[in-house]
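One structure is given below, encoded as structure tokens.
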Protein chains: 2
Amino acid sequence: MAGTKERIVGTTGELFRRQGYPGTGLKQIVAAAGAPFGSIYHFFPGGKQQLAAEVIRTSGRAYQQLVEAILDQAPDAITAVETGFAAAAETLVATGYADACPIATVALEVASTDETLREATAEVFAAWVDSGAMRFERWGFAPDDARRLATVLITSLEGAFVLCRAARNTEALAAAASAVRAAVREVSSPEGR
Amino acid sequence: MAGTKERIVGTTGELFRRQGYPGTGLKQIVAAAGAPFGSIYHFFPGGKQQLAAEVIRTSGRAYQQLVEAILDQAPDAITAVETGFAAAAETLVATGYADACPIATVALEVASTDETLREATAEVFAAWVDSGAMRFERWGFAPDDARRLATVLITSLEGAFVLCRAARNTEALAAAASAVRAAVREVSSPEGR
DNA sequence: GTCTATAAACCGATAGAC
DNA sequence: GTCTATCGGTTTATAGAC
């Protein structure tokens, strides 16, 4: 039994993921959330921007926990990459190529248009990198390698999401996975470095 | 001395790159292009959607030629990856993290909302992969490796653009470049395959 | 605090003068 | 082919009843 505010934030997150920030109207949000229009300005006096900032941070945190749950089951980095990309592909297909990254669309939209929201997306991505780096360190990598590999993992997923959603197939996800595996292996057995 | 239509298409491309599709108004387009409002519907009877479709294909083709010009100067794949990512980082910094991929924002926005425009973005990405694959073949890679590496190159760039524009630094671009290099090297000297 | 009504501005799209 | 005026409709945001 979620409160009205939580329902608005959750619904807005789903709409942002599919339609982006300017593409989603407040009217559509309250209609989908089953909430009265005034509730938005009751809970978010700062209007659409304040709602968006909270949505970015909330769905960013939720997605991070989802990915962490997957990564933490893996015994090593290669297995983690394998299962992570497989799970992403499954979700993508199962949702008709709609549910990829919850904030990427908004991140690109606000990067040059809304400094407040850009900072919110930057914080989310930074938290993801930190979270991933911690796990790569746990799998035995040195701090800078761990940070670099976590960045590689996230950028590869994000880039593959763009191509896969456009093409409506998972080819880019498979190719991206192979590159991340290569990057992990190169550090694990550094023969040409 | 570009015609009004070409000026509208060019201006719209720049606005889409920064603000996305629903975030850019037709009024803003004609104002920025110095064209009368009626010209849009004179040249694009299908309205905003038809204009967007032409913008996606046009800027997709232009960006492809830009990248090809860089890749064709490289003697081998590793050098090409190196200079390609370096050029992307330079452009990003020089434009205040605005000029990254010309169609990624729109691609994510329309992927689940406009089937016509989604197909346009899919065609552009497919052409990019074909173009890159041809060059990797020229550098000595087998057809499927070439296609996979081209896909890796494009997805890595796209994903890095998302994080770099959000964070306003080029760290993700550097990490992504290292992964693409690793993927190329792994095929060049396949010891663990 | 919940909900409705409405304001003021803006949207895409159209009509029609020139 | 250029340009302006305007139409409905929708947007974000607010005022105020309950």
Side-chain angles (χ1 to χ4, degrees), chain A residues 1-56 58 105-106 109-110 112-118 120, chain B residues 1-58 105-106 109-110 112-118 120-121:
Chain A
M1 167 96 203
T4 303
K5 184 178 180 180
E6 288 72 25
R7 214 168 56 248
I8 289 176
V9 171
T11 304
T12 306
E14 294 175 20
L15 291 172
F16 278 4
R17 194 201 291 245
R18 292 166 174 75
Q19 310 178 343
Y21 177 57
T24 303
L26 298 182
K27 291 255 174 71
Q28 186 187 9
I29 291 172
V30 293
F37 187 80
S39 293
I40 287 189
Y41 286 89
H42 172 68
F43 293 114
F44 308 96
K48 193 182 187 180
Q49 190 193 41
Q50 186 185 347
L51 167 60
E54 185 145 336
V55 167
I56 290 167
T58 301
T105 308
V106 177
E109 287 174 328
V110 304
S112 301
T113 58
D114 191 311
E115 187 61 12
T116 302
L117 296 182
R118 180 195 68 77
Chain B
M1 166 96 198
T4 303
K5 184 178 179 180
E6 287 71 27
R7 212 168 58 250
I8 289 175
V9 171
T11 304
T12 306
E14 293 174 22
L15 292 172
F16 278 4
R17 196 201 290 246
R18 292 168 175 74
Q19 309 177 345
Y21 177 57
T24 303
L26 296 183
K27 297 251 172 73
Q28 186 187 9
I29 290 171
V30 293
F37 188 79
S39 293
I40 288 191
Y41 285 90
H42 173 69
F43 293 114
F44 307 96
K48 192 181 189 181
Q49 191 193 39
Q50 185 186 347
L51 168 59
E54 185 146 334
V55 167
I56 290 167
R57 293 198 166 86
T58 301
T105 308
V106 177
E109 287 173 328
V110 304
S112 301
T113 59
D114 190 311
E115 187 61 12
T116 302
L117 296 183
R118 179 195 68 77
T121 63

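Chain letters run A, B, ... following the sequence lines, proteins first, then strands; residues in each count from 1.
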query: Whole-Å distance between D:dT11 P and A:Gln19 CD?
result: 11 Å
query: B:Lys27 has a side chain; which of D:dT12, D:dT2, C:dA13 sits nearest to it?
result: C:dA13
- prompt: Is the shortest side-chain N/O distance from B:Thr4 to OP1 or OP2 of D:dT2 below 4.0 Å?
  reply: yes
- request: Ignoring hydrogens and angles, tell me if any N or O in the side chain of A:Lys48 forms a donor-acceptor pair with the backbone of A:Tyr21 under 3.5 Å.
  value: yes
query: How many Å lie between CZ on A:Arg7 and C1' on C:dG1, as a whole number?
result: 14 Å
task: Identify whether any heavy atom of A:Phe43 sits under 4.0 Å from a base atom; if not, whether one sits that close to sugar-phosphate; answer base, sugar-phosphate or nothing.
output: sugar-phosphate
Nearest-nucleotide comparison on DNA chain D, the residue closer to the 5′ end among A:Pro45 and A:Gln28: A:Gln28
task: Please state how far atom OH in B:Tyr41 lies from atom C1' in D:dT2, giving the value in whole angstrom units.
output: 17 Å
- prompt: Roughly, in whole Å, what's the span from NE2 in A:His42 to C1' in C:dG1?
  reply: 5 Å
task: Starting from C1' on D:dT12, measure out to CG on A:Asp114 and report it in whole angstrom.
output: 14 Å
- request: Measure from the side-chain N and O atoms of B:Thr121 to the backbone N and O of B:Arg118, and report whether any donor-acceptor pair falls under 3.5 Å.
  value: yes
- prompt: Looking at side-chain heavy atoms only, is the closest gap between A:Phe43 and A:Val9 below 4.5 Å?
  reply: no
field: Rounded interatomic separation in angstrom, taking CZ from A:Phe44 and C1' from C:dG1
entry: 15 Å
query: Hey, which of these two, B:Gly46 or A:Phe37, hits DNA chain C nearer its 5' end, going by closest nucleotide?
result: A:Phe37
Member of B:Gln19, B:Arg18, B:Glu14 meeting the side chain to side chain donor-acceptor pair (under 3.5 Å) criterion with B:Thr24: B:Gln19
message: I need the CD1-P distance between B:Ile40 and D:dT4, as an integer number of Å.
response: 14 Å
message: So A:Ile29 and A:Leu51, do their side chains get closer than 4.5 Å, heavy atoms only?
response: yes
query: Which is true for A:Gly38 with a 4.0 Å heavy-atom rule: it touches a base, it touches only sugar-phosphate, or it touches nothing?
result: base
query: Can you check the B:Lys48 NZ to C:dA13 P distance for me, whole Å?
result: 8 Å
